[in-house]
Protein chains: 2
Amino acid sequence: MTMHPLERRDIPAATVTRLPIYLRSLQDLASRGVTGVSSDELAAAAGVRSTQLRKDLSHLGSHGVRGVGYDVGHLTAQLAHALGVTRIWPVAIVGMGNLGRALAAYSGFATEGFDVVAVLDRDPTIVGERVGELTVLPMTALPRLVEERGIAIGVLATSPSGAQEATDALVAAGVEAILTFAPVALTVPPTVSVRRVDLATELHVLAFLRQPDAGVIPSSRGTTRAGSTKVGRAG
Amino acid sequence: MTMHPLERRDIPAATVTRLPIYLRSLQDLASRGVTGVSSDELAAAAGVRSTQLRKDLSHLGSHGVRGVGYDVGHLTAQLAHALGVTRIWPVAIVGMGNLGRALAAYSGFATEGFDVVAVLDRDPTIVGERVGELTVLPMTALPRLVEERGIAIGVLATSPSGAQEATDALVAAGVEAILTFAPVALTVPPTVSVRRVDLATELHVLAFLRQPDAGVIPSSRGTTRAGSTKVGRAG
DNA sequence: GAATGTGAACTCCTTCACAGCA
DNA sequence: TGCTGTGAAGGAGTTCACATTC
């Protein structure tokens with residue numbers, strides 16, 4: 001899965017993953033009537049250091065005023081433009097189990113510039129069911145959806161065993177960006193972008209951090225390493 | 001949210017986030033009757049390069065046989081031990097909206113060594129409702145749950161505006177590991193670990209990658225950078 | 001004076017190249 | 001010979017220090 005390359009036009013991958021957070025923080029500020037903000041303030045809201053924020057923004061060009069700070073409206077527009085959220089992106093969700101239904105109902109997508117325009121499942125007993133305002137479609141509907149609705153992003157909420165099949169269907173239909181929740185490696189052509197959200201892995205990492213004594217691993221060589229004991233946190 | 005420190009006992013943070021994937025791949029192999037595996041094969045199954053896999057495993061000690069490969073059973077045990085999944089971790093989910101309910105029903109947690117033993121919500125009209133085999137509890141039940149059920153991990157599926165309040169309640173009750181789906185920065189004591197899953201951010205990144213021309217950012221200086229055009233993919 | 005923008009140092013991670021062993 | 005384990009090299013990302021500009 002590897003946090004593979006992801007760069008475009010000189011914006012580092014790590015920066016790209018933070019831009020949405022800045023954008024959201026700015027929108028939040030704007031909704032509270034704030035019109036100007038310093039890198040210190042915005043960084044605090046986003047949960048990063050101000051030098052990180054400034055370095056990130058520097059990849060988009062210079063949009064602040066020295067001695068003053070950033071104009072909330074202007075910076076918002078710049079970030080939205082950089083991320084390509086000046087338009088609404090139609091999204092299809094494949095797999096209408098518990099997770100798929102929750103995602104279909106998740107209001108967060110709508111407010112962030114994404115519109116779930118279709119939900120699909122390969123199971124004929126589920127096809128035709130109502131999910132919110134949508135009707136579950138069969139997988140055969142994909143090519144047409146891509147063509148007519150301009151779907152460019154597919155969300156995969158299938159079982160692990162069905163993930164590759166669903167991926168192949170998405171790719172065959174012309175979808176080139178996939179967000180998957182299935183904890184398996186997907187094989188895709190190099191032109192297709194995949195991002196994976198792995199819930200169990202996140203819990204595993206937390207469990208690892210909470211382990212009091214995980215430290216001592218029985219090594220065939222009998223070595224025991226002490227190790228730094230920093231513990232993760234998030235601002 | 002910064003991929004903040006996370007190391008313990010000399011296992012790099014980046015490695016820790018991959019160990020669960022290896023573990024799952026191994027379990028999958030075992031279920032198919034495979035007893036031995038090479039780093040090439042396991043790496044392919046996990047979607048990483050074999051040198052990466054071997055370097056990662058080297059942090060746990062030497063458990064392979066040169067010229068042969070790894071014993072699936074033995075390596076599985078080592079990984080499970082390193083990650084601390086030799087026990088079942090009780091988990092509480094806070095926030096019983098769509099997402100919270102889906103997570104409560106998500107079978108993935110159970111198969112990975114986690115057990116959702118309680119679901120909570122601050123809304124009195126939801127408290128008492130049935131969610132699967134559980135009854136929604138009020139937030140006041142938290143301290144007791146931590147004490148009696150040994151809950152060490154909390155999952156936050158609240159609205160963004162309710163996230164900090166829920167976090168404070170979890171922390172006050174003694175929970176020191178939080179997985180949050182709310183797209184806001186959380187303030188926690190340094191002893192508390194937080195991991196965030198941000199669905200909208202993942203879509204934003206995909207949208208960014210799919211943008212044909214995002215490149216040209218109107219800069220006040222009029223500079224335009226060409227930029228490398230590598231595109232992310234995941235194996 | 002105050003806060004941005006950025007080269008340089010530093011730290012962390014990945015990949016390479018190959019030594020070491022069955 | 002085949003595959004693991006690892007030092008060294010190479011990249012990427014973060015932090016520092018400070019020049020720059022309003």
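Values below: every heavy atom of this structure, side chains too, minus hydrogens, waters and symmetry copies. Proteins come first, then strands; the chains are lettered A, B, ... in the order of their sequence lines, and each starts at number 1.
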Give the rounded distance in Å between these two atoms: [atom1] of [X] and [atom2] of [N].
{"X": "Gln78(A)", "N": "dG5(C)", "atom1": "CD", "atom2": "P", "result": "12 Å"}
{"X": "His63(B)", "N": "dC21(C)", "atom1": "NE2", "atom2": "C1'", "result": "17 Å"}
{"X": "Arg49(A)", "N": "dC16(D)", "atom1": "CZ", "atom2": "C1'", "result": "11 Å"}
{"X": "His59(A)", "N": "dG7(C)", "atom1": "NE2", "atom2": "C1'", "result": "13 Å"}
{"X": "Asp40(A)", "N": "dT4(C)", "atom1": "CG", "atom2": "P", "result": "7 Å"}
{"X": "Asp56(A)", "N": "dG13(D)", "atom1": "CG", "atom2": "P", "result": "10 Å"}
{"X": "Asp10(A)", "N": "dG13(D)", "atom1": "CG", "atom2": "P", "result": "12 Å"}
{"X": "Tyr22(A)", "N": "dT4(C)", "atom1": "OH", "atom2": "P", "result": "13 Å"}

Does Tyr70(A) place a side-chain N or O at less than 4.0 Å from the phosphate oxygens OP1/OP2 of dG5(C)?
-> yes
Looking at Thr51(B), does any N or O in its side chain come under 4.0 Å of the phosphate oxygens OP1/OP2 on dC16(C)?
-> no
Passing candidate, side chain to side chain contact (heavy atoms under 4.5 Å, CB included) with Leu186(A), options Asp168(A), Val171(A), Leu170(A), Thr180(A) = Thr180(A)
Please identify each residue that fulfils side chain to side chain donor-acceptor pair (under 3.5 Å) with [X], with sequence neighbours left out.
{"X": "Asp115(B)", "result": "none"}
{"X": "Asp71(B)", "result": "none"}
{"X": "Thr76(B)", "result": "none"}

Among [options], which nucleotide has an atom closest to any side-chain atom of [X]?
{"X": "Ser62(B)", "options": "dG5(D), dT15(D), dT14(C)", "result": "dG5(D)"}
{"X": "Gln52(B)", "options": "dT4(C), dT14(C), dC3(D)", "result": "dT14(C)"}
{"X": "Lys55(B)", "options": "dC13(C), dG13(D), dT15(C)", "result": "dT15(C)"}

Hits for ring pair (Phe, Tyr, Trp, His ring centres under 6.0 Å) against Tyr22(B), two or more places apart or cross-chain, chain-then-number order -> none
So, the side chain of Gln211(B) versus the backbone of Ala82(A): is there a donor-acceptor pair under 3.5 Å, distance only?
-> yes
Give me the distances for all protein-to-nucleotides 18-22 of chain D N/O pairs that come in under 3.5 Å?
from	atom 1	to	atom 2	distance (Å)
dT20(D)	O2	Arg66(A)	NH1	2.6

When Thr15(A) and Ser38(B) are each assigned the nearest nucleotide of DNA chain D, the 5'-most assignment goes to Ser38(B)
Only counting residues at least two apart or in another chain, list the ones meeting salt bridge (charged side-chain N to carboxylate O under 4.0 Å, His left out) with Asp198(A).
-> Arg196(A), Arg24(B)
